[in-house]
Each structure stands twice: as C-alpha cells, then as structure tokens.
Trainee: 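Have a look at the structure that comes next, please.
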Amino acid sequence: MISENVKKLLGEVPLKNPFGESVSVVAAVKTQHVSAINEAIAAGITKIGDNHVQEFRDKYAEITGNPERHFIGHLQTNKIKYLIGKCDLYQSVDRLPLAEELAKRSKSAGVVSNVLLQINAGNEETKGGFSFEEAESAYAAVKKMQALNVLGIMAMLPFTDDEELLRSLATKVRAVYDKLNAQDGNFKYLSMGMSGDWKLCVECGSNMIRVGTTLFGKRNA
Ligand SMILES: *Cc1c(COP(=O)(O)O)cnc(C)c1O
C-alpha cells in the first residue's frame, strides 16, 4: 500500500517546476512506524522529515537505505543538541534565537548545518515563522552566523480550500525566495506544499514538497 502510494506520487510529481528546477519529495514521517518509513524508502523515497526530536532519535538507527534526514517541526532550543551532526537540513528555522543556538552548537561540534528560513505565509498565530516583512532582515542576520548555511525557504501555508488565496500566497513566497537569492545565489530549496496543495505549490515555484498523508494514509490523532 505505502509502496504503491510512493510510486504513484513519484510518478505524478513533475521532474521540473516552471522555473526549470528539479522537484524533490520529502516524506513527512511524524507518528509513522519504522517499518512504514522503511517501506517508503525502499519504494523510492530519498528524504524524510521529522517533526519531533524524540521520534527522530528513537527511529534514527533503525531507518534503512540512508535517506537524507530533515527536521520540519517546531524545534525547542534545548533539544538542538540531539540533532547536531545528524540532521541534513533544518527546514523549520522560525526565529532568530533558534538560529543563534543552532549556530553555536554547530560550531562547537565542528559541523556546518544547512538551514531553511521558515515563513508563516498566512500570518497565523498557531504557526511559527517569519512574516513576509521580516524575511529580509532574518536572512541578513542568519547568513552572518558561523557554521550555518542558509539554503532557502520553507513556507507554511494556511489550511484552506481557497485556491486563489493559496496561489497568491505561494506566488508571494516564491517572489521573496527569488529576491533573497538574488543577494548571494546560495539558495537551493523552496520547500512548500503538502498532501493537499503540493501541485499548486509546484506550479507557483516550489521545488521541494513535504508529503505525509498521501504516502502513509491518515494519521491517528
Ligand atoms: C505533517 C507535515 C507535513 C505533511 O502533511 P500532510 O498533509 O500529511 O501531507 C508537511 N509539513 C509539515 C511541517 C508537517 O508537519
């Protein structure tokens, strides 16, 4: 079942977005058993993203196939130490104190950490991230921090069926991505789109989607 879902999704995701960039798929694995995750990897998933440090740690050694490990959830600064050197991409850098602590811990461990700046596109109180207005100063601050490599933006869009709203927000995120990337040309990833909206997001310029439900089915609450 999972393996068919993976093959179906990988068949549907276009090789390139309208900007000519390849589109990668990150499996959002929160609450999934190791067996399910390993089945997805065996079927072609090469990147997995966790939301919880505890789950990341518990499953770490049991994951097979050597996928990239991403962190995509709210990260408490006191838990960074468990991820240092093990996380290939911190997608959810949503506040400056988190970036500062990540830089400090990375430096003392002698590693460089790859990060994305999280944008809260709908300005929702329940979601973390920088607003559109804050994005530029956040990038200026984080790119100066030692031992961090800012590779792009991760965007959270509101849960809504309003396609027009989603399209306008996703387009705005892409414009911010292009504007910031024009400064240094260091960006690789615009991570935007989940099970319900990834097609629209890729059409608007996302080049990395984070998909859970489509691969693993509905999560138990
Ligand atoms: C759970 C989650 C996803 C995947 O959501 P689905 O709707 O199940 O595809 C993507 N991004 C983040 C940050 C998540 O927490």
Side-chain angles (χ1 to χ4, degrees), residues 1-13 23-34 36-37 39-41 43-59 67-76 79-80 83 87-95 98 102 114-130 151-163 165-166 169-170 173 177 189-221:
M1 173 73 164
I2 290 170
S3 135
E4 280 122 57
N5 294 345
V6 169
K7 289 181 179 142
K8 181 159 181 283
L9 179 75
L10 295 180
E12 283 169 6
V13 174
V23 180
S24 51
V25 175
V26 178
V29 298
K30 56 178 174 268
T31 79
Q32 303 304 332
H33 291 127
V34 171
I37 300 168
E39 184 178 342
I41 294 164
I45 287 296
T46 58
K47 300 176 168 76
I48 63 174
D50 264 293
N51 287 67
H52 303 289
V53 171
Q54 190 66 46
E55 284 187 49
F56 183 101
R57 294 178 71 193
D58 288 349
K59 291 179 290 199
E68 274 186 27
R69 313 291 176 101
H70 296 191
F71 198 80
I72 62 174
H74 177 72
L75 180 54
Q76 291 169 261
K79 300 220 170 127
I80 292 172
L83 302 181
C87 177
D88 297 295
L89 185 63
Y90 297 83
Q91 293 206 15
S92 44
V93 174
D94 58 1
R95 58 201 193 279
L98 174 64
L102 192 52
N114 295 319
V115 304
L116 304 183
L117 299 177
Q118 182 175 323
I119 303 271
N120 182 357
N123 252 326
E124 296 169 279
E125 274 187 24
T126 51
K127 288 180 182 150
F130 301 101
L151 292 182
I153 283 175
M154 185 267 238
M156 299 294 286
L157 298 179
F159 285 110
T160 170
D161 292 335
D162 185 344
E163 276 212 15
L165 172 66
L166 286 172
L169 291 173
V173 170
Y177 177 88
Y189 303 121
L190 173 49
S191 172
M192 177 168 69
M194 320 203 312
S195 290
D197 60 7
W198 68 262
K199 279 186 191 140
L200 177 156
C201 288
V202 170
E203 284 166 18
C204 295
S206 165
N207 59 30
M208 178 174 273
I209 63 173
R210 311 177 306 268
V211 177
T213 310
T214 298
L215 302 179
F216 300 109
K218 255 200 148 91
R219 286 178 292 274
N220 299 318

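If you're wondering where the values come from, they're calculated on a predicted model, not measured in any experiment. Atoms within a ligand are numbered from 1 in the order they appear, just like the ligands themselves. Atoms considered below: every heavy atom in the structure, side chains included; atoms not considered: hydrogens, waters and symmetry mates.
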Trainee: Just distances here: any N/O of Ser195 and N/O of ligand 1 closer than 3.5 Å?
Mentor: yes
Trainee: Near Lys30, which atoms of ligand 1 are under 4.0 Å from a heavy atom of that residue?
Mentor: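 Answer, ordered by atom number: 1 (C), 2 (C), 3 (C), 14 (C), 15 (O).
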Trainee: Please indicate whether Lys127 has more than 12 foreign heavy atoms, meaning atoms of other residues, nucleotides or ligands, lying under 6.0 Å from its NZ.
Mentor: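 Yes.
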Trainee: Quick one: closest heavy-atom pair of Ala43 and Leu10, and the distance?
Mentor: O-CD1, 4.2 Å
Trainee: Work out which heavy atom in Asn207 is nearest to a heavy atom in Leu190; give both atom names and the distance.
Mentor: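 Scanning both residues, the minimum pair turns out to be OD1-N, 2.7 Å.
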Trainee: Which atoms of ligand 1 are found less than 4.0 Å from any heavy atom of Val211?
Mentor: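 Result: 9 (O).
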Trainee: Could you walk me through whether Asn5 and Thr214 satisfy the side-chain contact (heavy atoms from CB on, under 4.5 Å) test, starting with their C-alpha distance in whole Å, then the side-chain angles of each, then the deciding distance to 0.1 Å, before giving a yes or no?
Mentor: CA-CA 7 Å; Asn5 294 345; Thr214 298; 5.7 Å; no
Trainee: Run the numbers for me: atoms of ligand 1, each under 4.0 Å from some heavy atom of Thr213, listed by number.
Mentor: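 Close to Thr213: 6 (P), 7 (O), 8 (O), 9 (O).
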Trainee: With heavy atoms under 4.0 Å as the rule, classify the contact between Ile72 and ligand 1 as side chain, backbone, both or neither.
Mentor: both
Trainee: Go through ligand 1 atom by atom and flag the ones less than 4.0 Å from a non-hydrogen atom of Gly212.
Mentor: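 By the 4.0 Å cutoff, the relevant atoms are 4 (C), 6 (P), 8 (O), 9 (O).
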Trainee: Is the CG atom of Asp161 crowded by more than 12 outside heavy atoms at less than 6.0 Å?
Mentor: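 Count not over threshold, so no.
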Trainee: Measuring from atom 4 (C) of ligand 1, which candidate in Ala28, Ser191, Ala155, Gly217 has the nearest non-hydrogen atom?
Mentor: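 Looking at heavy atoms only, Ala28 sits closest to atom 4 (C) of ligand 1.
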Trainee: Give me the nearest non-hydrogen protein atom to atom 5 (O) of ligand 1 as residue plus atom name, then the distance to 0.1 Å.
Mentor: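 The answer is Met194 CE, 3.8 Å.
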Trainee: Given side-chain contact (heavy atoms from CB on, under 4.5 Å), test Gln91 with Tyr189 step by step and report yes or no.
Mentor: CA-CA 10 Å; Gln91 293 206 15; Tyr189 303 121; over 6 Å; no
Trainee: Quick check on Gln91 - does any of its heavy atoms sit under 4.0 Å from an atom of ligand 1?
Mentor: no
Trainee: What residue and heavy atom of the protein are closest to atom 11 (N) of ligand 1, and at what distance?
Mentor: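 Residue, atom and distance for the closest contact: Arg210 NE, 2.9 Å.
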Trainee: Work out which heavy atom in Ala121 is nearest to a heavy atom in Val173; give both atom names and the distance.
Mentor: CB-CG2, 4.0 Å
Trainee: Closer than 4.0 Å to some heavy atom of Asn51 - which atoms of ligand 1 meet that?
Mentor: 14 (C), 15 (O)
Trainee: May I ask you to decide whether Lys8 forms a salt bridge with Glu12, counting only side-chain N to carboxylate O separations under 4.0 Å?
Mentor: yes
